2 protein chains.
Amino acid sequence: MLAEAATPEVSPVSFREAFSVSTEEECPAVTGARCSGCRLRPVCLWSGLSEAAERELGSLAFAHRRLKLGQALYRSGEPFQAIYLVRSGFIKTVVLLEDGREQVTGLYMPGETLGMDGIASARHASDAIALEDGDVCVVPYDRLEALSREASAVQRHLHRLFSKEIVREQRMMLLLGSMRAEERVAAFLLNLSERFTALGFSPSEFVLRMTREEIGSLLGMKLETVSRIFSRFHKDRLIEIEGKHVRIVSSAGLRRIIGH
Amino acid sequence: MLAEAATPEVSPVSFREAFSVSTEEECPAVTGARCSGCRLRPVCLWSGLSEAAERELGSLAFAHRRLKLGQALYRSGEPFQAIYLVRSGFIKTVVLLEDGREQVTGLYMPGETLGMDGIASARHASDAIALEDGDVCVVPYDRLEALSREASAVQRHLHRLFSKEIVREQRMMLLLGSMRAEERVAAFLLNLSERFTALGFSPSEFVLRMTREEIGSLLGMKLETVSRIFSRFHKDRLIEIEGKHVRIVSSAGLRRIIGH
DNA sequence: CGTAAGCTTGACAAAGTTCAACGATTGTGG
DNA sequence: CCACAATCGTTGAACTTTGTCAAGCTTACG
């Protein structure tokens with residue numbers, strides 16, 4: 001029944017098709033593509049730039065970097081050079097404790113920006129790991145700084161980006177600090193549903209790109225707890241789940257769980 | 001034995017003396033004081049500005065706002081206007097869930113900056129509440145934006161500020177998501193110790209400005225758990241504690257607890 | 001096709017919460 | 001200035017949630 005989950009209902013194209021690694025035509029590797037043709041334009045840093053400003057900046061073309069599953073975009077301690085806009089694939093960020101424990105601090109989908117944690121100390125404070133093959137747009141930070149001084153639209157967008165990340169992390173603290181495991185999982189599923197919707201995919205049917213262990217780390221619980229809660233939600237007809245394919249049967253029911 | 005805790009050993013002046021609400025002479029109310037005389041200069045947004053840039057900006061004087069214990073600096077949903085530099089007193093930020101549950105997401109000491117969560121949506125995403133009487137320097141955001149375009153030192157400082165907040169929240173997620181209650185309390189005490197040290201006070205003896213309930217909310221546990229862990233640490237000779245007065249007896253011991 | 005990685009489930013243990021009682025401290029109005 | 005109320009903190013006992021360990025199953029991959 002869930003076999004077709006990979007082909008979202010509301011969208012005429014599959015996720016993989018729509019956000020697959022670009023062909024050479026539309027995305028020459030190192031020289032970078034013109035932003036004007038990019039499908040991520042509506043969510044991109046550069047939207048809102050006046051045409052004049054765009055023309056002025058002949059350099060509005062950035063290198064792309066491809067990532068294979070498991071590959072690191074950057075690692076904690078590495079010199080900070082750029083921030084990254086996800087073009088395709090999912091990326092997780094991970095913070096490590098000396099004794100080896102790790103916390104997944106973020107999950108980034110196409111159109112989302114990561115890497116801002118590196119500005120403070122000129123070194124990245126987390127690892128960014130690809131959860132599947134994909135690619136990112138590399139935005140060199142020094143150029144961004146300069147541009148943000150020249151074009152106030154860029155500045156405003158950049159500051160909003162910083163602030164959004166702060167708000168996202170606040171919400172995550174709320175989740176980790178004051179919700180029970182069941183509520184966290186419900187909130188996680190509803191959040192994914194929203195974000196898939198924003199990308200034009202089904203709100204109710206999608207593929208988790210993380211293992212139970214990674215989900216557990218993001219939500220501050222053990223993989224067994226994640227598994228048990230998925231099973232319980234399934235039994236209670238709130239979701240259907242088969243491995244990583246999820247279908248939300250009752251988003252109202254999930255919302256009710258958070259309401260306690 | 002802990003009766004003198006209010007007078008830190010290493011510092012010749014008490015915390016309250018050093019960071020009390022300023023007298024009118026050094027801090028005229030609405031017109032704002034010249035930054036040059038401010039004791040927070042080394043940590044302030046404006047440090048690093050060239051003298052030329054400073055002179056150019058005759059406006060380098062900001063309104064101060066006094067806060068009484070329990071008073072809100074801003075509330076979630078209020079229009080975002082400014083960010084705030086704490087001059088004296090402690091401030092907590094709180095995020096609320098519809099059902100009334102709340103999560104303390106931050107604790108801000110003199111010299112620290114808060115309010116950046118409001119930029120994303122032009123409305124604050126949290127409440128900021130004074131934990132004791134104090135005052136803040138009000139930095140209007142539109143002026144900051146303009147200034148950050150003109151003076152790259154300001155820009156750099158501002159971006160670093162954003163990034164620091166992101167990193168701080170990441171660490172908080174690590175704490176909430178992957179540490180046991182005992183470890184969280186130990187980490188909390190060590191973190192306070194560091195920050196008091198940075199302000200020139202004793203690393204080992206200070207006054208908590210939060211109730212057990214507020215500490216619990218910050219650390220994602222119930223007030224009873226906080227109390228029990230304080231008692232346990234006391235029994236194990238890691239700290240001495242009497243109400244809100246804390247003395248760290250063995251910071252190595254606390255560090256060992258985090259190491260598992 | 002075999003091996004490793006990922007997922008599920010059960011039984012039990014540990015950690016943290018809840019409820020309750022009580023003492024100490026703080027603040028307020030008479 | 002005192003008395004009373006309210007808030008804050010501590011501690012015990014019972015309970016709930018989540019983690020741990022172990023086994024077995026499925027899936028993906030070389």
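Note that the structure is a prediction, hence the values are computed from the model and not measured. Naming: A, B, ... by sequence-line order, numbering from 1 per chain. Worth knowing before you read on, the calculation uses all heavy atoms, side chains too, and leaves out hydrogens, waters and symmetry mates.
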With five pairs defining each end axis, the helix from C:dC1-D:dG30 to C:dG30-D:dC1 comes out bent, to 10°, by 50°
Apply salt bridge (charged side-chain N to carboxylate O under 4.0 Å, His left out) to B:Glu182 and B:Arg232, showing your working.
-> CA-CA 9 Å; B:Glu182 215 177 41; B:Arg232 183 151 69 242; 2.9 Å; yes
Residues which pass side chain to side chain contact (heavy atoms under 4.5 Å, CB included) with A:Ala181, listed by chain and number, not counting sequence neighbours | A:Met221, A:Thr225, A:Ile229
In Å, rounded to the nearest 0.5 Å, how long is the span from CD1 of A:Ile248 to CZ of A:Phe196?
-> 10.0 Å
With sequence neighbours excluded, give me every side-chain hydrogen bond (donor to acceptor under 3.5 Å, both in side chains) pair touching residues 187-196 of chain A.
-> A:Glu112-A:Arg195, A:Asn191-A:Arg195
Between B:Arg66 and B:Asp135, is there a side-chain N and carboxylate O pair less than 4.0 Å apart?
-> no
Can you run down the salt bridge (Lys or Arg N to Asp or Glu O under 4.0 Å) pairs that involve residues 212-222 of chain A, sequence neighbours left out, and say none if there aren't any?
-> A:Lys92-A:Glu214
For A:Leu85, side chain to side chain contact (heavy atoms under 4.5 Å, CB included) partners two or more places apart | A:Cys44, A:Thr113, A:Cys137
Boundaries of the chain B footprint along DNA chain C (any atom under 4.0 Å from a heavy atom) = C:dG16 to C:dC19
Looking at residues at least two apart in the chain, or sitting in another chain, which of them share a side chain to side chain contact (heavy atoms under 4.5 Å, CB included) with B:Ala72?
-> B:Arg75, B:Ile129
Using a cut-off of 6.0 Å, state whether more than 12 heavy atoms not belonging to A:Arg65 lie near its atom CZ.
-> yes
Name all residues meeting the ring-ring contact (aromatic ring centres under 6.0 Å, His included) criterion together with B:Tyr84; count only those two or more places apart in sequence or in a different chain, and write none if there are none.
-> B:Tyr74
Check every nucleotide of DNA chain D for an atom under 4.0 Å from a heavy-atom of chain B, then give the first and the last such nucleotide from 5' to 3'.
-> D:dC8 to D:dA13
What residues in residues 222-229 of chain A put a non-hydrogen atom under 4.0 Å from any atom of DNA chain D?
-> A:Lys222, A:Glu224, A:Thr225, A:Arg228
Sequence-distant partners of B:Phe80, ring-ring contact (aromatic ring centres under 6.0 Å, His included), two or more places apart | B:His124, B:Tyr141
Using the test side chain to side chain contact (heavy atoms under 4.5 Å, CB included), find all partners of B:Ala125 that sit at least two apart in sequence or belong to another chain.
-> A:Val167, A:Gln170, B:Asp117
